[in-house]
Amino acid sequence: MAIDDLADKVLDIGRRRGFFWPAFEIYGGVAGFYDLGPYGALLKQNIIEEWRRHFIKRYPDLIVEIETPVITPEKVFIASGHVENFVDPIVGCKKCGRFFRADQLIEEKLGVKAEGKSVEELTDIISKSGLRCPVCGGELGEVRLFNLLFRTQIGPYQGSVGFFRPEAAQGMFISFKRVHQVMRNKLPIGIAQIGRVARNEISPRQGLIRLREFTIMEFEFFFDQNEPGADEYIDKVRNEKLSLITADMRREKIEEPQSFTIDEALRQGVIKTPWMAFWMYESTLFLEKIGVPRTNIVFEEKLPEERAHYSRQTFDQLVKTARWGWIEVAGHAYRGDYDLSRHKQFSGEDLTVRKQLREPVERRTLVVRLNKAVLGRELKDKLDSIQQQIKSMSPEVLKRELDNKGFIEVSGVRLSRNHLVIEEVVEKVVTISVTPHVVEPSFGSERLLYVAMEYALREKQGRLILSFPRRIAPVKVAVLPLVDNEKIVGMAKRIYDMLKETDLMVTYDDSGSIGRRYARADEIGVPVCVTIDYQSLTDGTVTLRDRDSWKQVRVHVDKLVESLRRFIYDNVEIEELGPIFFSEEKE
RNA sequence: GCGGCCGUCGUCUAGCCUGGAUUAGGACGCCGGCCUUCCAAGCCGGCGAUCCCGGGUUCAAAUCCCGGCGGCCGCACCA
């Protein structure tokens, strides 16, 4: 199938079969918002469930899932830096349509400090200086604020500004302390969240790929930078390969990705922290489960100027698509201790973690001890102020003075060894305070949905087939009576009723011919069809027909559910389930 | 936001240039019936279109003009 065809057919099937369509259609639609239809919603649920299984269920001692609000008070995004960093004054060229950061343009071209100036001031500077488009020389328009955060108001109080979160991450940072405590102070620990986020994009295009509101699946993985505790995990994947385009390669205009083993990437410092490498590898495995072959997955490092304000290193995880070329389905950001430090600073809460040292360390400190019995008698009510003054002085200085002169003078009062002792105390330190570092893998679920559909789409004998990996198929089983015969339909409906009670999503279809029903089932990607024929009435067997090979086997109704489960969840071949009954290849 | 292209049943489209016999035609899909022992078979019937919206020109507008909205492709941002 031609590449353009493929992409068009995904969009076609998406709309026709009800996977997705533009939202608010009857009011003309609004760019950047999409509805998911019945099959799209199921597919997305299954992709999310697969993500959950892959990252959370498989790492129960490493990652836990939480849920936090979507509407978030302003303070949080002031602390996180989003209020500051998601608002750009931009100015557009009226001639070529290019956009520029207004303040940067002014500083660069005019050498005037422009940061922090208002929109009006910036517009004024531009018009008075006659600054023009640096690319084409065209006239520049008005400067305006450009804010990716959706703003709202919490309650009836005007001062109470809230934002729709642009990432789920802040919820994990803010509740970090509590989760950490609940998880019995475990470190490293990952906190995951799946939920809606919104970004007020300037001009979203590309359908499902660029949405103003979407479902993000991400986790913040907290670890001690000095002791990541990743060895055990890295050892298992040390020789596995990642396809990388590093920032250095990009600067040298090398566009072909280079294959690094995880070991190489870490030893050469290409990936800055082991956990990031580990989760990048796991993310590759995850995409394979969605149906993307490894050869079509590449990690591209962001250049420093391209990175988000919180990031020390970012790799975009790219997947090759027919429609839009390489698109980013996940971002892997090394956020360092940026978020926890900022929230610590802005909230005043101690967000550090006490860590037990493997071996206690001796720490020697000078301690000033006051003989309050003597001092009290001599100083009476002056004791309090003298005491405070002494506390504010450095023990080292006090000791030196005492050793040299034999006394210390504080506010005209002479204190001798009678009054105070300065001695060295040796304490055993068993814990230290650590601000964990964070790596964050973050997936866009609608993008994955699109990617899954594109990779699933096949054409066979002029028919479209969505060959989803069986686990993520929206509908798992179709029950079909071979012909419109009362007894056969009756049996088919009984089987349908039985399957509805299981965990398998099932559908029933008796319209048109059997061939048409298979075609319909193939088109929405149903992995297996159960067909009830005349033989079923006499021996209680039905046929299972594989979506991909069109082979059929006979299975007794008593073993039907078990067989279907093995086929869907254990991915066994159709031939393993029973004797071949009918095979397209034989025709 | 700017430039280019585009907007007709659920989908794809004919008609538009050259305004009028168009009750806006077709195909596919969908629904109902007949038929049918395995891959979109056939036959019959049916539902389905404010021709993107608003204004203008005209005796007459899907068709010409203006404005708007939306989509796609580029610029910028991003999962």
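Throughout, protein chains are lettered first and strands after them, A, B, ... in sequence-line order, and every chain is numbered starting at 1.
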*Asks:* How many Å lie between CG on A:Leu211 and P on B:G71, as a whole number?
*Replies:* 12 Å
*Asks:* Below the 4.0 Å mark, does B:A41 have OP1 or OP2 next to a side-chain nitrogen or oxygen of A:Ser513?
*Replies:* yes
*Asks:* Does the side chain of A:Phe219 come within less than 4.5 Å of A:Trp51's, by heavy atoms?
*Replies:* yes
*Asks:* Can you tell me the Watson-Crick or wobble partner of B:C38, both distances under 3.5 angstrom?
*Replies:* none
*Asks:* Restricting both atoms to N or O, compile the protein contacts to nucleotides 45-51 of chain B shorter than 3.5 Å, with distance only.
*Replies:*
none

*Asks:* Regarding B:C39, can its base be found pairing with the side chain of A:Arg547 as donor and acceptor, where the two atoms are less than 3.5 Å apart?
*Replies:* no
*Asks:* Stacking between B:A79 and A:Phe443, yes or no? Criterion: centroid separation under 5.5 angstrom, plane angle under 30 degrees.
*Replies:* no
*Asks:* Is any side-chain heavy atom of A:Gln535 less than 4.5 Å from a side-chain heavy atom of A:Leu482?
*Replies:* no
*Asks:* Could you give the distance separating B:G29 and B:G10 at their C1' atoms, to the nearest angstrom?
*Replies:* 7 Å
*Asks:* Assign A:Trp21 to base, sugar-phosphate, or nothing according to its heavy-atom contacts below 4.0 angstrom with the strands shown.
*Replies:* nothing
*Asks:* Identify the nucleotide, in any strand shown, that forms a Watson-Crick or G-U wobble pair with B:U57, with both distances under 3.5 Å; if there is none, say none.
*Replies:* none
*Asks:* Out of B:A40, B:A79, B:C39, which nucleotide sits closest to the side chain of A:Phe214?
*Replies:* B:A79
*Asks:* Let's test your reading of the model: under 3.5 Å, does the base of B:C39 pair with the side chain of A:Arg545 as donor and acceptor?
*Replies:* yes
*Asks:* Starting at CG of A:Asp484 and ending at P of B:U36, how long is that distance when rounded to a whole Å?
*Replies:* 11 Å
*Asks:* How close do A:Asp509 and A:Pro481 get, heavy atom to heavy atom, and via which atoms?
*Replies:* O-CD, 3.4 Å
*Asks:* Would you kindly give the CD-to-P distance between A:Glu25 and B:G10, to the nearest whole Å?
*Replies:* 10 Å
*Asks:* Roughly how many Å is it from CG in A:Leu482 to P in B:U36, rounded to a whole number?
*Replies:* 12 Å
*Asks:* Just jot down the salt bridge (Lys or Arg N to Asp or Glu O under 4.0 Å) partners of A:Arg342, sequence neighbours excluded, or say none.
*Replies:* none
*Asks:* Within the 4.0 Å heavy-atom criterion, would you say A:Thr543 contacts the bases, only the backbone, or no part of the nucleic acid?
*Replies:* base
*Asks:* Once you apply the 3.5 Å cut-off to both distances, tell me the Watson-Crick or G-U wobble partner of B:C5, or none.
*Replies:* B:G71
*Asks:* For B:A49, which nucleotide is its Watson-Crick or G-U wobble mate, given both distances must be under 3.5 Å?
*Replies:* none
*Asks:* Using a 4.0 Å heavy-atom cut-off, does A:Ile327 contact any base of the nucleic acid, only the sugar-phosphate backbone, or nothing at all?
*Replies:* nothing
*Asks:* Angle between ring planes, A:Phe150 versus A:Phe33, binned at 30° and 60°: parallel, tilted or perpendicular?
*Replies:* tilted
*Asks:* Any base atoms under 4.0 Å from A:Ala31, or only sugar-phosphate, or nothing? Heavy atoms, all strands.
*Replies:* sugar-phosphate
*Asks:* Given the P atoms of B:C31 and B:C72, what is the spacing between them in whole Å?
*Replies:* 30 Å
*Asks:* Counting Watson-Crick and G-U wobble pairs only, both distances under 3.5 Å, name the nucleotide matched with B:A27, or none.
*Replies:* B:U11
*Asks:* Under 4.0 Å from OP1 or OP2 of B:G29: is there any side-chain N or O of A:Arg516 that close?
*Replies:* yes
*Asks:* Both distances under 3.5 Å, Watson-Crick or G-U wobble: report the partner of B:G19, or none.
*Replies:* none
*Asks:* Would you say A:Arg520 places a side-chain N or O within less than 4.0 Å of OP1 or OP2 belonging to B:C30?
*Replies:* yes
*Asks:* Which residue, A:Asn485 or A:Gly462, contacts RNA chain B at a nucleotide closer to its 5' end, judged by nearest heavy atom?
*Replies:* A:Asn485
*Asks:* Using a heavy-atom cut-off of 4.0 Å across all strands, would you classify A:Val197 as base, sugar-phosphate, or nothing?
*Replies:* nothing
*Asks:* Applying the 5.5 Å / 30° rule, does A:Tyr518 stack onto the base of B:C38?
*Replies:* no
*Asks:* Is there a donor and acceptor pair closer than 3.5 Å between the side chain of A:Arg463 and the base of B:C39?
*Replies:* yes
*Asks:* By ring-ring contact (aromatic ring centres under 6.0 Å, His included), which residues pair with A:Tyr450, not counting sequence neighbours?
*Replies:* A:Trp324
*Asks:* Quick one: is the NZ or CZ of A:Arg545 closer than 6.0 Å to the six-membered ring centre of A:Tyr518, and within 45° of its axis?
*Replies:* yes
*Asks:* Would you call A:Arg53 and A:Glu50 a salt bridge, taking side-chain N to carboxylate O under 4.0 Å as the test?
*Replies:* yes
*Asks:* How far, in whole Å, is B:G74 from B:A27 if one measures between their P atoms?
*Replies:* 36 Å
*Asks:* Tell me what A:Ile514 touches on the nucleic acid: a base, only sugar-phosphate, or nothing, going by heavy atoms under 4.0 Å.
*Replies:* sugar-phosphate
*Asks:* Figure out the NZ/C1' separation between A:Lys487 and B:U37, and round it to whole Å.
*Replies:* 15 Å
*Asks:* Can you tell which of A:Arg547, A:Arg463, A:Arg517 makes a side-chain hydrogen bond (donor to acceptor under 3.5 Å, both in side chains) with A:Asp522?
*Replies:* A:Arg463
*Asks:* Do A:Gln552 and B:C38 have a side chain to base donor-acceptor pair shorter than 3.5 Å?
*Replies:* yes
*Asks:* In the structure shown, which nucleotide is the Watson-Crick or G-U wobble counterpart of B:G32, with both distances under 3.5 Å?
*Replies:* B:C44
*Asks:* If I pick the P atom on B:G68 and the same atom on B:C2, what distance separates them, to the nearest angstrom?
*Replies:* 9 Å
*Asks:* Distance between the P atoms of B:G26 and B:C66, in whole angstroms?
*Replies:* 33 Å
*Asks:* RNA chain B: A:Asp12 or A:Asp546, which has the more 5' nearest nucleotide?
*Replies:* A:Asp12
*Asks:* Hey, does A:Gln317 reach any base, or is it just sugar-phosphate, or nothing, if we go heavy atoms under 4.0 Å?
*Replies:* nothing
*Asks:* Could you check A:Lys551 against A:Glu576 for salt bridge (charged side-chain N to carboxylate O under 4.0 Å, His left out), going step by step and ending with a plain yes or no?
*Replies:* CA-CA 12 Å; A:Lys551 285 178 185 162; A:Glu576 292 178 46; over 6 Å; no
*Asks:* Separation of A:Lys460 atom NZ from B:A40 atom P, in whole Å?
*Replies:* 12 Å
*Asks:* Remember a base hit wins even if backbone is also touched, and classify A:Leu448 as base, sugar-phosphate or nothing at under 4.0 Å, heavy atoms.
*Replies:* nothing
*Asks:* Considering only the C1' atoms, how many Å lie between B:C30 and B:C73, rounded to the nearest integer?
*Replies:* 33 Å
*Asks:* Considering every strand and a 4.0 Å limit on heavy-atom distances, what is the contact class for A:Gly512: base, sugar-phosphate, or nothing?
*Replies:* nothing
*Asks:* Would you confirm whether A:Glu301, through its side chain, and A:Thr246, through its main-chain N or O, come within 3.5 Å as a donor-acceptor pair?
*Replies:* no
*Asks:* How long is the line joining CG of A:Asp509 and P of B:C39, in whole Å?
*Replies:* 16 Å
*Asks:* Using atom C1' of each nucleotide, how far apart are B:A61 and B:U8 to the nearest Å?
*Replies:* 14 Å
*Asks:* Rounded to whole angstroms, how far apart are CG on A:Leu11 and P on B:G71?
*Replies:* 14 Å
*Asks:* Is the base of B:C38 touched by the side chain of A:Asp533 through a donor-acceptor pair closer than 3.5 angstrom?
*Replies:* yes
*Asks:* With A:Phe286 as reference, evaluate A:Trp279, A:Tyr281, A:Phe443 under the ring-ring contact (aromatic ring centres under 6.0 Å, His included) test and give the passing residue.
*Replies:* A:Phe443
*Asks:* Taking the P atom of each, how far is B:G33 from B:C69, in whole Å?
*Replies:* 48 Å
*Asks:* Spell out yes or no: do the side chain of A:Glu218 and the base of B:A79 have one donor N/O and one acceptor N/O closer than 3.5 Å?
*Replies:* no
